[in-house]
Colleague: 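For reference, the structure I am asking about is given below.
Note that the structure is predicted; figures quoted are calculated from it, not measured.
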Amino acid sequence: IDLTEEAAKAARSNYEFVKDSYARGLVSVIQLIDAQNASINSDLLASNAVYEFIIQLMLLERSIGNFYVTNTPQERDEITNMLQDYINNQ
């Protein structure tokens with residue numbers, strides 16, 4: 001998710017640079033449209049990465065029969081502590 005967001009940020013920055021260059025007459029309209037398409041596509045990929053993560057998380061929770069969001073705060077803390085203990089003991 002972080003990588004796709006960084007890529008989207010870079011594509012937006014590039015688009016702004018190309019848009020400014022186009023306004024000064026330094027690049028063609030084709031280059032402007034290419035930069036715009038790259039920016040839009042990278043934003044879409046970043047959004048899709050978030051949704052895909054949520055879908056995969058829900059599928060995992062469904063497969064183990066425990067939905068984290070339906071647990072009480074105390075149950076969430078217990079699960080978090082168990083995972084932390086497991087990670088620390090590996």
Side-chain angles (χ1 to χ4, degrees):
I1 293 174
D2 290 340
L3 293 177
T4 57
E5 288 175 356
E6 286 179 31
K9 183 178 176 182
R12 282 191 299 273
S13 176
N14 182 57
Y15 170 64
E16 291 300 322
F17 175 75
V18 172
K19 186 169 73 171
D20 183 54
S21 296
Y22 177 75
R24 296 176 187 204
L26 301 174
V27 298
S28 70
V29 70
I30 302 292
Q31 290 170 309
L32 175 65
I33 292 171
D34 283 344
Q36 185 180 36
N37 283 339
S39 178
I40 291 168
N41 285 335
S42 63
D43 284 338
L44 180 62
L45 288 173
S47 296
N48 284 343
V50 172
Y51 289 115
E52 186 62 28
F53 172 78
I54 293 169
I55 289 168
Q56 294 302 318
L57 178 61
M58 295 304 290
L59 289 172
L60 173 65
E61 289 182 342
R62 180 179 173 198
S63 71
I64 62 173
N66 182 22
F67 291 94
Y68 186 78
V69 295
T70 62
N71 292 338
T72 65
Q74 182 182 359
E75 290 171 326
R76 290 180 191 166
D77 289 342
E78 289 173 9
I79 292 170
T80 302
N81 290 336
M82 285 175 29
L83 288 172
Q84 190 65 44
D85 288 343
Y86 177 79
I87 291 169
N88 290 338
N89 292 324
Q90 290 302 314

Colleague: Could you list the residues that satisfy side-chain contact (heavy atoms from CB on, under 4.5 Å) with Ile79, not counting sequence neighbours?
Modeller: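 For Ile79 the side-chain contact (heavy atoms from CB on, under 4.5 Å) partners, ignoring immediate neighbours, are Asn66, Tyr68, Asn71, Leu83.
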Colleague: Quick check for you: to the nearest 0.5 Å, what is the distance between Glu5 atom CD and Ile1 atom CD1?
Modeller: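 Taking CD in Glu5 and CD1 in Ile1, the distance rounds to 7.0 Å.
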Colleague: Using atom types as modelled and distance alone, determine if a side-chain donor or acceptor of Asn14 lies under 3.5 Å from a backbone N or O of Ala10.
Modeller: no
Colleague: Taking all non-hydrogen atoms of both residues, which atom of Ala11 and which atom of Ala38 are closest, and how far apart?
Modeller: CB-O, 3.9 Å
Colleague: Can I get a per-line list of side-chain donor-acceptor pairs under 3.5 Å for residues 49-59, giving both atom names and the distance, sequence neighbours left out?
Modeller:
residue : atom : partner : partner atom : Å
Glu52   : OE2  : Gln56   : NE2          : 2.8

Colleague: Can a donor-acceptor pair be found, under 3.5 Å and without considering hydrogens, that links the side chain of Ser63 to the backbone of Leu60?
Modeller: yes
Colleague: Drop me the distance from Gln84's CD to Ile87's CD1, to the nearest 0.5 angstrom.
Modeller: 5.5 Å
Colleague: For Leu32 versus Tyr15, what's the shortest heavy-atom pair and its separation?
Modeller: CD1-CE1, 3.8 Å
Colleague: Take atom CZ in Phe67; do more than 12 heavy atoms of anything else shown fall under 6.0 Å from it?
Modeller: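 Above 12, so yes.
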Colleague: Going by the rule side-chain hydrogen bond (donor to acceptor under 3.5 Å, both in side chains), which residues pair with Asp34 if we only count those two or more places apart in sequence or in a different chain?
Modeller: none
Colleague: Taking 4.0 angstrom as the limit, do Glu16 and Lys19 come out as a salt bridge?
Modeller: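 Yes, Glu16 and Lys19 are salt-bridged.
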Colleague: When you measure from the side chain of Ser39 to the backbone N and O of Ala35, does any donor-acceptor pair fall under 3.5 Å?
Modeller: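 No.
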Colleague: Say whether Val18 and Ile33 are linked into one hydrophobic cluster, either directly or through other cluster members, by side-chain heavy-atom distances under 4.5 angstrom.
Modeller: yes
Colleague: Using atom types as modelled and distance alone, determine if a side-chain donor or acceptor of Ser47 lies under 3.5 Å from a backbone N or O of Asp43.
Modeller: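 It does hold such a pair.
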Colleague: Would you give the length of the straight line joining atom CD of Gln74 to atom CG of Asp77, rounded to the nearest 0.5 angstrom?
Modeller: 8.0 Å
Colleague: Grab the two heavy atoms, one from Ser42 and one from Ala8, that are nearest each other, plus how far apart they are.
Modeller: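 Nearest heavy atoms, Ser42 then Ala8: OG-CA, 3.4 Å.
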